[in-house]
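Please read the structure below before turning to the comments.
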Amino acid sequence: MRLHKLRLLIILSIAPIVVFLVAPSLSSASHTTLDQQLSSTLQAFGFTGRIESTLQERLGRNLDNRKIELGRLLWFDTIGGLNNDNTCGGCHSPTNAFGDTQSIAIGINNNLTVGPHRSGPRNQRRTPIIINAAFYPSLMWNSRFASLSRNPFDNTSGFAFPPPEQLTLSYLPHLLDAQAFIPPTERVEVAGFTFPGDNYAIRAEVLNRLNAVPEYRKLFGKIFPDVKNGAPINFDMFGEVIAEFEFSLVFTNAPIDQFARGQKNAMSESQKKGALLFFGRADCVACHRVSGQSNEMFSDFSQHVIGVPQIAPQPGNPSAGNVTFDGPGQNEDFGLEQVTRNSNDRYMFRTSPLRNAAMQPAFFHNGSFTRIEDAIRYHLNVSSSVNAYNPTSASVALDLRGPLGPMAPVLARLDPLLVDPIQLTDEEFAELVDFVENGLLDERARPENLRKLVPKSVPSGRPVLTFEFP
Ligand code: HEC
Ligand code: HEC
């Protein structure tokens, strides 16, 4: 038996006795028991609900509002995209907690709209939520950007990236500073195919553009004295202000955090029961971990085959993709194998962190489900779910409704943790969904609270993309 299960069993068996001895009256006893069980469970997993308050201490400094503000302007300015039509915010959108508006991201040659009506050629995967990424020890669906110390705030073991960057970005203070070097160089995301040259040449061109805008020189100059004294803006500075904006998007004050800090009425009874299933019988926490290096993010930041239906843009469609998918039929995603080149890693993806997931319009690396309850139900019995999967009833976009990529080889590698179906009653299932959907949601991640972050204008004077807020 795994250690955490054993600990949980002991706690669950002792907790009711303790509560019975101290319960003031029978009517409140069941509430007290539930609260007590959940508190003990969270304690056993080392969940404190206080991770947000550790940010500045782990950075070793306070956040700088001037950097946050400049990072925000760059987030929404297409000046950083050599194709002139996309930027971070086109995919990491405040309409969806700084995640995608799509099942599979649309990058260059889009219609300048961000929301349900975005159109253009698709890339390969869904854009993850940036909120709380400051606490992720590895980034991307296949963890191809990682802090080798398993701590994103600690560069001493290096930050690993695929070629050509590899370990060269390890001098930067945080994994997100290093990550910001990559998107501007992605041709299908923002750079386009016309500019000649490698990643270094693309970055140099982005910097030429920034240095040619007096307003950017002024704003960078306020933060970096060298720029004020005439030195050019460089990419370290770009990464630093982008990362600072991302640090300002740490929102971990969900009902589960408030409960863990002692506010027992922050969660409904149904969410509490759902949480006990998540950490208990349904064993979601085996992968969606909270302890230690998981930084209370509900992910082990490791890779698993969970058998997600292989959907892909259909060729010949106006929005047919501009990335060639894997496999003989070019309708597969090999996940971790793309990084390690080891066929044993085929179809493995990083466990999704679950905070604020309810703000996403689609789930899994390819958005093959558009309702969170469907994504959760899928885990309970993967092989029967694969057979029942239908992209039309899952309501994915029309261009993604073609025949699935092969599923037999995926199921053959299914993670042992998901081989045996998990039995839940309808009521229990509803509680589990309630917990994931609402118990992990910080109100600040809602679109109405993020709307104010879209600037009316940006320093380059280019038009700001059109965001379709609900
Ligand atoms: C074309 C859409 C698109 C644009 C534009 C874009 N991203 Fe992303 N971003 C993605 C996708 C898709 C992924 C996941 C890709 C993968 O795993 O293969 C991702 C992943 C990330 C991650 C890792 C998140 C995680 O959960 O691991 C960070 C951080 C990030 N992007 C930051 C940025 C920044 C900063 C910019 C602008 C400089 C940017 N992105 C521009 C689509 C985009
Ligand atoms: C074997 C490890 C494992 C277990 C156990 C597990 N998950 Fe997952 N979960 C994953 C992985 C890996 C992904 C991402 C898969 C992908 O997109 O390719 C994921 C994705 C999800 C998503 C979609 C999130 C998103 O942003 O797309 C939800 C919701 C989810 N899991 C909830 C649960 C719940 C609830 C349970 C317990 C019933 C559970 N998971 C058990 C590994 C696991």
Side-chain angles (χ1 to χ4, degrees), residues 71 74-75 78 80-81 86-93 98-100 102 104-108 110 120 122-134 136 138-145 175-176 179-186 188-190 206 238-239 242-243 245-246 274 277-278 281-289 297-308 323 333 335 338 347-354 356-358 360 362-369 372-380 382 414-419 422 424 429 432-433 435-437 440:
L74 289 166
W75 195 269
T78 58
N86 206 19
T87 176
C88 317
C91 299
H92 298 278
S93 165
F98 288 94
D100 215 324
Q102 301 290 315
I104 294 180
I106 294 172
I108 55 165
N110 67 81
R122 291 191 193 275
N123 306 163
Q124 193 170 24
R125 296 182 183 135
R126 183 172 63 79
T127 311
I129 282 181
I130 286 301
I131 291 175
N132 299 324
Y136 298 180
S138 71
L139 301 172
M140 317 309 266
W141 285 104
N142 50 15
S143 294
R144 64 184 181 276
F145 310 155
L175 185 57
L176 287 178
Q179 194 280 336
F181 278 62
I182 307 298
T185 67
E186 296 286 0
V188 297
E189 292 193 348
V190 299
V206 170
F238 177 87
I242 287 280
F245 177 58
E246 293 169 320
L277 288 164
F278 187 97
R281 192 152 53 80
D283 207 14
C284 310
V285 75
C287 299
H288 295 280
R289 283 183 188 267
M297 290 293 132
F298 297 86
S299 171
D300 55 4
F301 295 98
S302 296
Q303 328 291 314
H304 303 270
V305 179
I306 73 156
V308 169
V323 173
D333 187 335
Q338 291 178 349
Y347 309 127
M348 284 189 155
F349 292 91
R350 185 188 72 179
T351 305
S352 303
L354 294 180
N356 306 307
Q360 300 177 165
F363 301 88
F364 296 139
H365 64 268
N366 53 13
S368 47
F369 288 97
I372 197 166
E373 58 270 29
D374 292 351
I376 294 175
R377 194 184 298 281
Y378 195 82
H379 287 71
L380 302 182
V382 175
L414 186 63
D415 193 289
L417 283 166
L418 290 176
V419 167
I422 301 162
L424 297 179
F429 179 72
L432 181 62
V433 172
F435 169 64
V436 176
E437 191 170 11
L440 301 183

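Side chains included, hydrogens not; waters and symmetry mates left out as well; all remaining heavy atoms used. Each ligand, and each atom within it, is numbered from 1 in the order the structure gives.
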Close side-chain approach of Arg289 and Phe301, heavy atoms under 4.5 Å: no

Plane angle bin for Phe278 and Phe435 - parallel if under 30°, tilted between 30 and 60°, otherwise perpendicular: perpendicular

Sorted by chain and number, the residues that approach ligand 1 to under 4.0 Å with a heavy atom: Trp75, Asn86, Thr87, Cys88, Cys91, His92, Gly107, Asn123, Arg125, Arg126, Thr127, Pro128, Ile130, Tyr136, Leu139, Met140, Trp141, Arg144, Leu176, Gln179, Pro183, Glu189, Val190, Ile242, Glu246, Arg350

Per-atom contacts of ligand 2 with Leu354, taking only distances under 4.0 Å to non-hydrogen atoms: 22 (C), 24 (C), 28 (C), 29 (C), 30 (C), 32 (C)

Under 3.5 Å: N/O of Asp283 near N/O of ligand 2: no

Side chain, backbone, both or neither: Ala286 near ligand 2, heavy atoms under 4.0 Å: neither

Side chain to side chain, Asn132 and Phe298, heavy atoms closer than 4.5 Å: no

For Tyr136, the option from Ser143, Pro128, Pro353 that meets side-chain contact (heavy atoms from CB on, under 4.5 Å): Pro353

Cys284 to Leu432 - nearest heavy-atom pair and separation: SG-CD1, 4.2 Å

Which atom of His379 approaches atom 8 (Fe) of ligand 2 most closely (N/O/S): NE2

Taking every non-hydrogen atom, the tightest pair across Arg350 and Gln303: N-OE1, 3.2 Å

Ligand-residue contact atoms, ligand 2 with Cys284, heavy atoms, under 4.0 Å: 34 (C), 35 (C), 36 (C), 37 (C), 38 (C), 39 (C), 41 (C)

Ligand-residue contact atoms, ligand 2 with Ile306, heavy atoms, under 4.0 Å: 9 (N), 10 (C), 11 (C), 12 (C), 13 (C), 15 (C), 19 (C), 42 (C)

Parallel, tilted or perpendicular: ring planes of Phe364 versus His379, cut at 30 and 60 degrees: tilted

Glu373 vs Phe429, side chain to side chain contact (heavy atoms under 4.5 Å, CB included): CA-CA, chis, key distance, verdict: CA-CA 9 Å; Glu373 58 270 29; Phe429 179 72; 4.2 Å; yes

Distance filter under 4.0 Å to Ile376 heavy atoms, resulting ligand 2 atoms: 29 (C), 35 (C)

Ala180 versus Ile242, closest heavy-atom pair with distance: CB-CG2, 3.9 Å

Atoms of ligand 2, numbered as shown, that sit under 4.0 Å from any heavy atom of Asp415: 1 (C)

Tyr347 and His365: CA distance, side-chain angles, deciding distance, ring-ring contact (aromatic ring centres under 6.0 Å, His included) verdict: CA-CA 11 Å; Tyr347 309 127; His365 64 268; 9.5 Å; no

Ligand 2 atoms in contact with Cys287 (distance to a heavy atom under 4.0 Å): 1 (C), 2 (C), 3 (C), 4 (C), 5 (C), 42 (C), 43 (C)

Atom indices of ligand 2 within 4.0 angstrom of Gln360 heavy atoms, with elements: 25 (C), 26 (O), 27 (O)

Within-4.5 Å side-chain heavy-atom neighbours: Phe363 and Ile372: yes

